[in-house]
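All figures in this text were calculated on a predicted structure; none of them were measured in a lab. Numbers here simply count residues along the sequence, with the first being 1.
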Amino acid sequence: MVAGDVPGHSWFGPVVHDEQLIADDLVVFMGQPVALLAAESDAALRAGIEAVVVEVEALPPVLGIDAAVEAESFLGESRTVEAGDLDAGFAKADGVIEGAIDIGGQEQFYLESQIAIAIPGEGGYMEVLSSTQHPSEVQALVAEALGVPYHLVTCVCKRMGGAFGGKETQAAPPAMMAALLARRTGRPVRFRYNKDDDMRFTGKRHAFKSFYKAGYTRDGLITALDVRLYSDGGCSTDLSAAVLERAMLHTDNTSFIPNVRIRAQVCKTNLPSNTAFRGFGGPQGVASTEHILHEIAVRTGLDPLDVRRANCYGNAERSVTPYGQVVQNNTLPELFDTLRSEADYDQRRAEIDAYNRESRVHVRGLALSGVKFGISFTRRTLNQANALVNIYLDGSVMVSTGATEMGQGVNTRVRQVVADGLGVPYERLIVAATSTDKNNNTSPTAASSGTDLNGAAALAACDKLRGRLAAVASEMLAEPESGLTAEPEAIQFVEGKVYDQRCSRRSLSFEEVVASAYEQRVSLGERGFYVTPGIDFNRSTGKGIPFRYFTTGAACSEVLIDRLTGEMSVIRLDLIMDLGRPINPGIDRGQVIGGYVQGMGWCTTEELVYAEDGRLLSYSPTTYKIPAITDLPPVCNVRFLDAPEHPISLHGSKAVGEPPLLLGLSAWLAAKDAMRYVHPGDTDRKLALPATGEAILLAFES
């Protein structure tokens, strides 16, 4: 098949349909499909590929942010978020710094590559099995490519072998191509990338470049900040506008900045369209300001932690973000102060000072930084979810939601929520594969909101079912002769037992109540629906409430660097997070440590290297270095803040998926701290992100 053979839309995109599935007149990135082939074996497919002749005229590519800015090659409009009075803020400053910082991209490196199976059915129906974070989007884009209504396509996702944002939108093209070939051949088609091709031809975390001007006092307080962010969006829009927006909304991070202007623009380049990655722009926005805070510390001679703590969100006068949202239930000061004490920060700072004065071969660095991550989709429409809960006659339960399992444990959490909601043992439940025929018009499992949204929707369904069953049970447990009348409000459901709290000596099994409800023709299935309240953000003014709440945390990283080679290792990590009351502390601990390590990799070892023609050169584990288990700090102290229940979210918990990744920045900041000892007083020396061994060596020796 070629572009002209597509029966429906050949252009696609999650928001803007500005990418061509099969290139026609113009190939806009290395690896863009120009034809689709189907075969019964790998050997036959390779022979078919070798028989295809592609004639392409090479055109000068636009690669990198600097080239795109020079060529005025952009995607979408420039955006601005601002507050206060910049001129007045700079007038109050004792010093001003200006500069730019390059912030690299990152490969998602999920272990299971992009893959889909399309199975044609009768009447034009198509079933698609997809490794996707967004089954509803796959359903829609497959239907549009086939030229059929959405109801003729069902997308099913049992689970994914990792995703990290890379399968939020970019799972759709493999599914579309499999479906097109399945329609053409009338046979099931399986489409997959091998690992090398997956890395070469799919989008990454956006590279950013931040141009900044900051005013500060002798005490390290930021009085004014003017930032211009550019991101590398690649060849099409994808989710770049939303990624850029979240970067803008996280540029403040933990710092109250009274006078600020954040301008931002997506650059269009000849790379595969860059896309979602855990943190979704937040890490890039935070990296920019954390770099600035470090630079202020260098110029004032203050400890970087003292600068961060001085600028931290605090009392009512210092609690409003640049976009106008108040930071409620703020535990950031407590997190900074608690971790400073528990990590023995001041004692270790003195020890590092002494060590670095003596060592000629190694240098140590220390940094403690925080995170304030907004929880919710910034697109208001996506903050909704539906769930289906079915109770069967034997008392077992099946729940289906729009959440997709990618190893983050959302199915386990939803299962726990439903078990608690119905008062049945965990083992009596199963979470069905996510499917668009059971849950319609779902949002992607992203923005750290999978459990918040889908768990709340499932709980809403449980509340309705429990109310019906309570009415049945109250009649079964009533004892008119002793004055115990039927009162559904008094019925309790606990671990498969049902009893009246006024007379707990007698109980029924959950199965008995279910059987009686069925005999009385009471519905044992229910849909639940949930809408996140309070979200109201105006993009045109850059003001409002884009987030339901913030998840916060802090991490202290200590690094050891070989001055002769630039090799760096993180030798100790102390980390504390406010997760409210976790639904599953074990899963959350895994998310926190895994998120930190993934962030540490982005900041230190993971470098995307491109050739002059746009080919990715670091496209395998031999050339692209993600952290290994041996890179986990040998001393790793991780705990959750003893925080009260968080009243506005599900069961008092806070989302955990993305926030800890941003704490990996502390490893990069620790490397920058080490550089202060190598070149004391040098305020012009920069260490870009990632701080690879080569980058560190060049920064130390140049």
Side-chain angles (χ1 to χ4, degrees), residues 6 8-21 108 110 112 114-118 126-160 162-180 191 193 202-203 233-234 236-243 246 272-278 280 376-386 400-406 410 433-450 453-454 457:
V6 176
H9 299 297
S10 61
W11 291 84
F12 74 99
V15 181
V16 181
H17 284 38
D18 62 349
E19 183 171 346
Q20 197 170 20
L21 181 65
Q108 291 88 354
Y110 32 73
E112 174 199 45
Q114 301 280 6
I115 186 169
I117 299 174
M126 187 71 66
E127 181 180 13
V128 178
L129 312 179
S130 175
S131 181
T132 176
Q133 295 174 244
H134 199 177
S136 288
E137 182 174 279
V138 169
Q139 175 196 30
L141 292 179
V142 167
E144 291 174 8
L146 295 176
V148 301
Y150 292 2
H151 74 276
L152 287 179
V153 177
T154 295
C155 178
V156 180
C157 177
K158 177 66 176 177
R159 65 178 65 88
M160 288 164 277
F164 305 115
K167 296 177 181 177
E168 182 174 346
T169 63
Q170 301 213 351
M176 295 161 71
M177 290 186 278
L180 286 169
F191 183 102
Y193 283 123
T202 62
S236 66
T237 302
D238 197 270
L239 294 173
S240 291
V243 169
R246 187 169 281 268
S273 193
N274 285 319
T275 189
F277 196 131
R278 192 178 192 176
F280 203 78
S376 291
F377 289 97
T378 56
R379 185 184 174 196
R380 185 170 178 264
T381 300
L382 296 178
N383 293 292
Q384 60 174 298
N386 65 77
S400 174
T401 75
T404 53
E405 178 61 60
M406 61 196 90
V410 67
T434 310
S435 178
T436 56
D437 61 358
K438 293 192 293 290
N439 298 99
N440 60 312
N441 309 323
T442 57
S443 297
T445 304
S448 300
S449 297
L453 290 173
N454 295 279

task = Determine, step by step, whether Gln114 and Ser131 satisfy the side-chain contact (heavy atoms from CB on, under 4.5 Å) criterion, reporting the C-alpha distance in whole Å, the side-chain angles of both residues, the deciding distance to 0.1 Å, and the verdict.
result = CA-CA 7 Å; Gln114 301 280 6; Ser131 181; 5.7 Å; no

request  = Looking only at non-hydrogen atoms, find the nearest pair between Arg246 and Thr378 and report the distance.
outcome  = NH2-CG2, 4.1 Å

task = Report yes if the side chains of Leu146 and Met126 come closer than 4.5 Å at any heavy-atom pair, otherwise no.
result = yes

Gap between atom OG1 of Thr237 and atom NE2 of His17 - 0.5 Å precision = 11.5 Å

Closest non-hydrogen atom pair between Gln133 and Gly166, with its separation = OE1-N, 3.6 Å

Contact check, side chains of Val128 and Val138, non-hydrogen atoms, under 4.5 Å = yes

task = Report the distance from atom CZ of Phe12 to atom CG of Asp238, rounding to the nearest 0.5 Å.
result = 8.0 Å

query = Say you draw a straight line from OG1 of Thr401 to NZ of Lys438; how long is it, rounded to the nearest 0.5 Å?
reply = 10.0 Å

Whether Asn386 side chain and Asn440 backbone form a donor-acceptor pair below 3.5 Å = yes

request  = Kindly write out the residues that satisfy salt bridge (charged side-chain N to carboxylate O under 4.0 Å, His left out) with Glu127, not counting sequence neighbours, or none if the list is empty.
outcome  = none

remark   = CD (Gln139) and SG (Cys155) are apart, to the nearest 0.5 Å, by 7.5 Å

query = Of the non-hydrogen atoms in Phe191 and Ala178, which two are nearest, and what is the gap between them?
reply = CB-CB, 4.0 Å

key: For the student: nearest non-hydrogen atoms of Gly203 and Gln170, plus distance   = N-OE1, 2.7 Å

task = Decide yes or no for Tyr150 and Glu144: does some side-chain heavy atom of the first lie under 4.5 Å from some side-chain heavy atom of the second?
result = yes

message = Does this structure show an ion pair linking Lys167 with Glu112, if we count only N-O contacts that are shorter than 4.0 Å?
response = yes

task = Report yes or no: do Asp437 and Ser435 form a side-chain donor-acceptor pair below 3.5 Å?
result = yes

key: Interatomic spacing from CD in Glu168 to CZ in Phe277 - rounded to 0.5 Å   = 13.0 Å

request  = Measure the shortest side-chain to side-chain distance between Gln108 and Thr275 over non-hydrogen atoms and say whether it is less than 4.5 angstrom.
outcome  = yes

request  = Tell me, please, which residues at least two apart from Ala241 pass side chain to side chain contact (heavy atoms under 4.5 Å, CB included).
outcome  = none

query = So do Val148 and Val153 actually touch side chain to side chain, heavy atoms under 4.5 Å?
reply = yes

query = Nearest heavy-atom pair of Gly233 and Ser240: which atoms, and what distance?
reply = CA-OG, 3.5 Å

ask   = Would a 4.5 Å heavy-atom cut-off, applied to side chains only, mark Ile115 and Pro174 as touching?
value = no

message = Rounded to the nearest 0.5 Å, what separates atom OG in Ser273 from atom CG in Asp18?
response = 7.0 Å

request  = Please name all residues satisfying side chain to side chain contact (heavy atoms under 4.5 Å, CB included) with Val6, sequence neighbours left out, ordered by chain then number.
outcome  = Ser10, Ile22, Leu180

inquiry  = Using side-chain heavy atoms (C-beta onward) and a distance below 4.5 Å, is Met177 in contact with Leu21?
reply    = yes

ask   = Below 4.5 Å, heavy atoms only, C-beta onward: do Thr434 and Ser400 meet side chain to side chain?
value = no

task = Given side-chain contact (heavy atoms from CB on, under 4.5 Å), test Thr404 with Thr132 step by step and report yes or no.
result = CA-CA 8 Å; Thr404 53; Thr132 176; 5.5 Å; no

inquiry  = Determine whether a donor-acceptor pair (N or O, by modelled atom type, separation under 3.5 Å) exists between the side chain of His134 and the backbone of Pro14.
reply    = no

ask   = Which heavy-atom pair separates Ser376 from Ala447 by the least distance, and what is that distance?
value = O-CB, 4.0 Å

task = For Ser136 and Thr436, test the side chains for any donor-to-acceptor distance below 3.5 angstrom and give the result as yes or no.
result = no

